[in-house]
4 protein chains.
Amino acid sequence: MSKQPTRPDVAADAVRTGPRGRPRSAEADCAILEATRAALVELGWSKLTMGDVATRAKVAKTTLYRRWAGKSELVVDAVADLFDELELPDLGSLKADVECVVLRFAALLERPETRTALMAVVAEGTRDEALRGRIRSAIVDRQKGLVLQGRARAQARGELPYEDDPATAARNADLIFDVIAGAVVHRTLVSAEPVDAAWARCFTRLLLSGLASLRN
Amino acid sequence: MSKQPTRPDVAADAVRTGPRGRPRSAEADCAILEATRAALVELGWSKLTMGDVATRAKVAKTTLYRRWAGKSELVVDAVADLFDELELPDLGSLKADVECVVLRFAALLERPETRTALMAVVAEGTRDEALRGRIRSAIVDRQKGLVLQGRARAQARGELPYEDDPATAARNADLIFDVIAGAVVHRTLVSAEPVDAAWARCFTRLLLSGLASLRN
Amino acid sequence: MSKQPTRPDVAADAVRTGPRGRPRSAEADCAILEATRAALVELGWSKLTMGDVATRAKVAKTTLYRRWAGKSELVVDAVADLFDELELPDLGSLKADVECVVLRFAALLERPETRTALMAVVAEGTRDEALRGRIRSAIVDRQKGLVLQGRARAQARGELPYEDDPATAARNADLIFDVIAGAVVHRTLVSAEPVDAAWARCFTRLLLSGLASLRN
Amino acid sequence: MSKQPTRPDVAADAVRTGPRGRPRSAEADCAILEATRAALVELGWSKLTMGDVATRAKVAKTTLYRRWAGKSELVVDAVADLFDELELPDLGSLKADVECVVLRFAALLERPETRTALMAVVAEGTRDEALRGRIRSAIVDRQKGLVLQGRARAQARGELPYEDDPATAARNADLIFDVIAGAVVHRTLVSAEPVDAAWARCFTRLLLSGLASLRN
DNA sequence: CGCTAACCGAGACGGTACGTCACGTCTTCAG
DNA sequence: CTGAAGACGTGACGTACCGTCTCGGTTAGCG
């Protein structure tokens, strides 16, 4: 989950017989991420401070920097945990599943932690390739997995055809992912309007019937 | 364009026949916004500082603060100019128009100034109602205007029916706006993959055929 | 008294028409030096902290660094003021004058500020040419002036002959200065034994009768 | 030489027949002191760190702290070795002996290790009684021994009378010690001028003829 | 010859201070 | 009254050492 960049790779050198020195506290990692989320809720991204997080987690500032390169990396890991809670329900139809996951995703984005953090780390990521990769692996790829899972389930149900060309299949999945995630994020954070059941229904209808046309 | 919160309101006092004392330099405003954009390109949002902008614009820091409340407000105004360049082309069909505007919007988001600034000010806006309003009026509403304009044009062409219920019409416009803007922004800044002609074509097909189904 | 290394030299460039910008607070300088002395008394050199001095002086840390390059420079200036209090008495005879100044110098070195600071800055000075120069001009040269003044007075009284060769005169003054200052400092700070009237009498006798022999 | 404060006292418990367990490495002690001197030469007192010394000596930081309470104690022991090299020559006359030992002492103080360390530990000692004692026993008393030894030798030669009152004798030895050590240290480290043969001759003349007068 | 106590290396830990940077405000002088 | 210049209080930054601790793994010397 959390990368620890300064930790020597265990398998890097056969000479190394095992982890030497005092091992890192696992509790600290947990307390820090918890404290980070709490600070995000109270202060928001721009007022959040490494020192403040350290204080809340009852940990020295140096301990934070030993594990994370900076605020952005820390926050990515802290909110990544929340995105793990997202699951694809199985309500019997693709339409119901999509509507439900849209609502769940929106609910996640309404939470103050994610609300303030997501756009901020993406903004930082526009100038930091490493951070962008971290966001991708910690957050984005997991959501994309939901799209793949949903499609597979719909195909098993016979709601969607199996695609012949794997390249096309991947391209379509990416497109659908950007449309769903983009629309929900944009409505929630930019337009700042609520994603309610009606909107989810409308959006899902648009998406699914549009989807059908891609196959002609 | 730029709010001048400390400027004495002209109508505040009937005795005042006009602004007294030395008037503010109009060149300064322009130089500051230009300098802000240059700094965004070179440094990105998070490394951009008010002092640096002042130096580049050959202006005192005080002058900046007299005109803008802070970094976020300044940057919103600076990038808003760029969004004004976005125009809806008239290529004869809704499909062509949408594809074109999608590509133009994506090209705008590829520019380093907008890339780094847009997400950042939105992130700030999640905790600052006033800023959110400023973003809306300076940036978002203009883009939304393109959607309305495009619909009107398509209706005139007979590609889309006139809608009876104005509330439904507004809801649909909002939905379409969030879908288009969200998808392009997400692909560009989050997925960090290019919006090329092929993607634009795919996306437009999905959108327009989905759109048709909303009317059943 | 206190060098302000970042202050632009007034006469450096004819273009400069006058001191521009807000001038530095003179009260701050004074409060800082006072606070430094107080901190030296309470904490000693090694526990003295720039941040603590700033707090005591009710001044920002940055204000300290704007005026002094570091702890050593600050302390040199702070204790230099104390060395200005040293004066050569006129008790009618060279012997009485020397005894008296030895006792006054020892009393100065018994004060906790000077006690803890003097050796420390000298130690730092062994690796820092600029600091050594600062110590010399702020502290050492003033004491050396006492030697010259004392000799001149003794010569006026007829207690000491006028020296023909100015080079020899300077060499002798230096020697006497090192012997007096060195002996008092060494007894006070290294041997850590008191310089009382008896010791001063003994030492003065040794010095003055030795001095006579230099002239043969 | 090196105090080992945490070593269980041999006589503390009658049951203990001897030191049990693995004994401390004697090589480590030596390597550490050597490393300390090397670090003093390269970095000087204030930049010298325990961690750096440990690294140079290829020893864990813990090993240092098991043997010395801190930087000051370590450095005192490290430079004390150098002061042991000081010896009183026997050149046949008191004058020649004093001149020679003055030059040797000055040469010792020109070495970068001693130059930077001596004043620093004395400065620390002004606020630390235990450290002051350690300096006295490890460094100062050995030098003072040279004075006693030189006087005894001069008395044996008939150059100096035997003193009747042992208290007076001790007082005089202390005075001479402070004068010699003080003058040399002050010229070397404060005035920062060289102690050459001419200065040594001048100083010795002053001292010895002054010394004669103490006996009247 | 095997126990076992004390050692050793590595390195994480909670702290404290560092010196720098940017913030947004202020005070001065010049136009 | 504006504008440039720059000092000011504030507060976070990321780093460096401090001295302590917790590990796994030696290494004597006694039984």
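Residue numbers begin at 1 in each chain, while the letters A, B, ... track the order of the sequences.
Looking at C:Asp77 and C:Arg134, their side chains come closer than 4.5 Å, going by heavy atoms from C-beta outward. Between D:Thr63 and D:Arg66, some side-chain heavy-atom pair lies under the 4.5 Å cut-off. Proximity of B:Thr116 to B:Val41: side-chain heavy atoms (C-beta onward) are nowhere separated by under 4.5 Å.
Across all strands shown, A:Lys61 has heavy atoms under 4.0 Å from base atoms, whether or not it also approaches the sugar-phosphate. Backbone-only contact: C:Ser25 has heavy atoms under 4.0 Å from sugar-phosphate atoms and none from a base.
Between the C1' atom of E:dG9 and the CZ atom of D:Arg56 lies a distance of 19 Å, rounded to the nearest Å. Nucleotide E:dG15 holds its C1' atom 14 Å from the CG atom of A:Leu64, rounded to whole Å. In this structure, the CH2 atom of D:Trp68 is 18 Å from the C1' atom of F:dC18, given to the nearest Å. For the pair C:Tyr65 OH and F:dA7 P, the computed distance is 18 Å after rounding to whole Å. Rounded to an integer number of Å, the gap from CG of A:Leu48 to C1' of F:dG11 is 15 Å. A:Leu43 places its CG atom 14 Å from the C1' atom of F:dG11, with the value rounded to the nearest Å. At whole-Å resolution of the value, CD in D:Glu73 and P in F:dC18 are 13 Å apart. Rounded to an integer number of Å, the gap from B:Ile32 CD1 to F:dT2 C1' is 13 Å.
Closest to the C:Arg66 side chain, of the nucleotides F:dC8, E:dG9, E:dT25, is F:dC8. Residue A:Arg24 places its side chain closer to E:dA12 than to any other of E:dA12, F:dA4, F:dC18. Of the listed nucleotides (F:dC8, E:dC13, F:dG9), F:dG9 has the atom at the smallest distance from the side chain of C:Val59.
Between C:Ala28 and A:Gly70, the residue anchored nearer the 5' end of DNA chain F, judged by the nucleotide with its closest heavy atom, is C:Ala28. Residue-to-nucleotide proximity on DNA chain E shows that, of C:Thr62 and D:Ala60, the 5′-proximal contact is made by D:Ala60. Of the two residues near DNA chain F, A:Gly51 and C:Gly21, the one whose nearest nucleotide lies more 5' is C:Gly21.
With hydrogens and angles ignored, a donor-acceptor pair closer than 3.5 Å exists between the side chain of C:Arg22 and the base of E:dC26.
Under a 4.0 Å N-O distance rule, the pair C:Arg56/C:Glu42 qualifies as a salt bridge.
Between B:Arg67 and F:dG3 there is a side-chain N or O to OP1 or OP2 distance below 4.0 Å.
For the pair C:Met50 and C:Gly70, the tightest heavy-atom approach, listed with the atom from each and the gap, is CE-C, 3.9 Å.
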